[in-house]
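Structure first, commentary second.
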Amino acid sequence: MYNEVDLDKIDINSEPPMEEPARQYYFMAKCREWIREFERKNGRCPTAFTQTFGCQMNARDSEKLTGILEKIGYKQAESEEADFVIYNTCTVRENANNKVWGRLGYLNAYKKQHPHMKIALCGCMMQEPEVIEKLRKSYRFVDLVFGTHNIYKFAELLAEALEQEGMFIDVWKGTDQIVEDLPIERKYAFKSGVNIMFGCNNFCSYCIVPYVRGRERSRKPQDILREIERLAADGVVEIMLLGQNVNSYGKTLEEPMTFAQLLSEVEKLEGIERIRFMTSHPKDLSDELIEVMANSNKICNHLHLPLQSGSSRILKKMNRRYDKEQYLALAAKIRKAMPGLALTTDIIVGFPGETEEDFEETMDVVRQVGYDSAFTFIYSKRTGTPAAAMEEQVPEAVVKERFDRLLKEVQRGAAERARALTGSVEKVLAEEINEQDEALVTGRMGNNFIVHFPGTEDLIGKIVNVKLKECRGFYFYGEMTD
Ligand code: SAH
Ligand code: SF4
Ligand code: F3S
């Protein structure tokens, strides 16, 4: 198994191999040499810090970065006060970018006092040419910059950055390659994300993801299943299958397979007790998927079904390829097939041209569907997307006022649905000791609600029965029962 490759057995004086992932293991061995030299000089291990700014896919990528850093001998640091810092960036909304620029200012000051440190940037934001321009001009203290398509080459890029001084930039426009079997260091011992596809072909008119993540590519089912088997053998009980639009999984494979078929295969794997997935695009959600979900013992009773807007006119401008009625019909069909299912969503407020009537349509869907939770976003203009060029951008004050109204309605509905669960007994995966109160364990139910209950560390990673005693809006207090 590649994760157990012994770097010391690799001859780093020979030419690097051309094939992947062997090539990356060769460069890991090279970096390992550099680390040993650092240890000899400084009498300590170098430290590394990885920060994720984006979605679950971004977080999974960070686990790959950390896996490689650990493999070559870096010790994980808890903060940016480290010998190597890497920011895995997001650019889905402007405030994601602003966070990175802000933190870079701080890092610059820290590096002035610690000139030996290395700073790397990767992820979605690096795929934007304006960002690279700005870095080249005003952020010369950054050592390494790469994008989403060549993240599998991290070891090779790092070897380069460790050897040389000055800024090294390598950003690709796209790739059709998927490299398997590189090291991964999981954040949690008992749960894990699993990529099933990369990229997106939908081009929703507001969204930058297809431009920075490239075209949709599915991993082969054998590779996915093998990874999940290994995770199960390593103690993982819950997995989350990741893709921008999981419902179109498998369309580009040599032997096409549907997402529902993939789920049925995953269900058969021993040791995995819970299956989640993100994200489902309403336009591609099939009856086959509803049936597989309804009959499954392992798929969680939770579905994230982004609405974006309740107005058919706006949905058309968004290029979402469903209308209000189709969405409502789909939600009703799902609720009928799985009455206990929690439905959650994403909503954008203030898309160009959104009128008060359009917004009321969104409020109407929120009231009719009754979401268990919703992420609400203020529309953020992304350069290069069709929506950025649309006229009638909505004034900020109007957007803010609508956003507040929406949030109130979402919270009211969610609290009402949560309250109805009070008194029931739910299966809960214990995830961590409560941050505020050490006598409590925090866990997650299948429907994704959080519950705090008295317990000890040995419960972490186990699925237990918890009686929900008290509802506090979005979370519960409970007690373990048999
Ligand atoms: N692939 C997923 C979404 C990924 S991005 C899907 O289609 O559902 C996560 C969420 O960010 C989106 O659902 C959308 O609500 C929000 N989002 C994307 N682009 C945005 C923008 N330009 N402004 C505000 N929110 C945006
Ligand atoms: Fe963006 Fe739409 Fe693709 Fe989701 S489906 S990532 S919102 S383009
Ligand atoms: Fe952000 Fe990239 Fe995810 S833009 S939301 S990190 S795919």
Side-chain angles (χ1 to χ4, degrees), residues 51-65 87-100 121-128 131 147-149 151 193 195-217 241-249 277-285 303-310 314-315 317-322 327 343-352 354 362 371 373-390 393-394 396 399 402-403 406 410:
Q51 176 72 46
T52 305
F53 286 85
C55 60
Q56 279 97 340
M57 268 158 279
N58 199 243
R60 185 66 177 154
D61 284 345
S62 291
E63 293 185 342
K64 296 174 188 170
L65 300 169
Y87 286 167
N88 190 8
T89 63
C90 168
T91 187
V92 76
R93 286 169 291 275
E94 190 62 35
N95 54 8
N97 297 45
N98 291 340
K99 266 190 229 159
V100 172
L121 300 174
C122 67
C124 295
M125 192 175 151
M126 299 306 123
Q127 293 296 136
E128 292 185 277
V131 168
T148 55
H149 302 299
I151 187 168
N195 298 108
I196 63 166
M197 57 208 295
F198 301 96
C200 181
N201 284 354
N202 287 311
F203 291 95
C204 302
S205 64
Y206 50 81
C207 184
I208 198 148
V209 171
Y211 304 90
V212 296
R213 285 272 170 179
R215 293 295 61 72
E216 189 177 292
R217 318 176 287 289
L241 305 177
L242 300 172
Q244 292 299 352
N245 176 11
V246 291
N247 296 330
S248 73
Y249 171 79
F277 53 85
M278 279 266 257
T279 296
S280 275
H281 195 305
K283 80 176 162 65
D284 294 317
L285 197 142
L303 182 69
H304 188 64
L305 194 64
L307 167 68
Q308 313 301 4
S309 168
I314 295 292
L315 284 168
K317 285 178 76 178
M318 285 178 161
N319 192 29
R320 289 290 287 180
R321 285 173 274 178
Y322 54 84
Y327 186 96
L343 264 180
T344 61
T345 201
D346 292 347
I347 299 169
I348 297 175
V349 182
F351 183 84
E354 183 190 76
T362 301
Y371 292 105
S373 146
F375 294 110
T376 49
F377 303 107
I378 286 180
Y379 167 73
S380 172
K381 190 170 169 173
R382 308 317 286 136
T383 309
T385 61
M390 288 180 191
Q393 304 277 335
V394 186
E396 214 177 301
V399 178
R402 285 182 195 160
F403 182 83
L406 174 67
V410 162

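Small disclaimer: the values here were computed from a predicted structure and weren't measured. Whatever order the structure lists them in is the order used to number ligands and atoms, beginning at 1.
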Q. What atoms in ligand 2 come closer than 4.0 Å to a heavy atom of Arg320?
A. 2 (Fe), 7 (S)
Q. So among His304, Gln244, Met57, which one has a side-chain contact (heavy atoms from CB on, under 4.5 Å) with Met278?
A. His304
Q. Can you name the nearest heavy-atom pair linking Arg215 to Cys200, along with the distance?
A. NH2-O, 2.9 Å
Q | Donor + acceptor pair across side chains of Asn247, Lys283 (<3.5 Å) | A | no
Go ahead and list the nitrogen or oxygen contacts between ligand 1 and the protein that come in under 3.5 Å, distances to 0.1 Å, or just say none.
unit_1, atom_1, unit_2, atom_2, d
ligand 1, 1 (N), Gln244, O, 2.8
ligand 1, 1 (N), Gln244, OE1, 2.8
ligand 1, 7 (O), Arg320, NH1, 3.4
ligand 1, 11 (O), Arg93, NH1, 2.9
ligand 1, 13 (O), Gln308, NE2, 2.8
ligand 1, 13 (O), Asp346, OD2, 2.6
ligand 1, 15 (O), Gln308, OE1, 2.7
ligand 1, 17 (N), Arg93, NH1, 3.4
ligand 1, 22 (N), Tyr206, O, 3.1
ligand 1, 22 (N), Ser380, O, 2.8
ligand 1, 23 (N), Ser380, N, 2.9
ligand 1, 25 (N), Arg93, NH1, 3.4

Q.
Is it true that Glu354 and Ser309 share a donor-acceptor pair across their side chains at a distance under 3.5 Å?
A. no
Q.
Check the orientation of His281 and Tyr322. Use parallel for under 30°, tilted for 30 to 60°, and perpendicular for over 60°.
A. perpendicular
(Q) Yes or no: does Arg213 have any heavy atom under 4.0 Å from an atom of ligand 2? (A) no
Q: Take atom 1 (Fe) of ligand 2 and tell me which protein N, O or S atoms are nearer than 2.8 Å.
A: Cys207 SG
Q | Those residues that, when tested against Phe277, pass ring-ring contact (aromatic ring centres under 6.0 Å, His included) (two or more places apart) | A | Phe259
Q | Lys64 and Asn195 side chains, donor-acceptor separation under 3.5 Å | A | yes
Q | Over all atoms of both residues, closest heavy-atom pair of Ser62 and Thr52 | A | OG-OG1, 2.8 Å
Q.
Do Ser205 and Asn319 pair up side chain to side chain, a donor and an acceptor below 3.5 Å, judged on atom types alone?
A. no
**Q.** Whether Ser380 side chain and Arg93 backbone form a donor-acceptor pair below 3.5 Å
**A.** no
Q.
For Asp284 and Asn245, which I'm curious about, is there any donor-acceptor pair between the side chains at under 3.5 Å?
A. yes
Q. Under a strict 4.0 Å criterion on non-hydrogen atoms, which protein residues are in contact with ligand 3?
A. Gly54, Cys55, Asn58, Cys90, Thr91, Val92, Cys124, Arg213, Gln244
Q: Verify ring-ring contact (aromatic ring centres under 6.0 Å, His included) between Phe403 and Phe377, making sure each step is shown before the conclusion.
A: CA-CA 8 Å; Phe403 182 83; Phe377 303 107; 8.6 Å; no
Q | Geometric cation-pi criterion Arg382 and Tyr206, 6.0 Å radius, 45° cone | A | no
Q. Hey, is Arg213 close enough to Asp61 for a salt bridge, meaning N to O under 4.0 Å?
A. yes
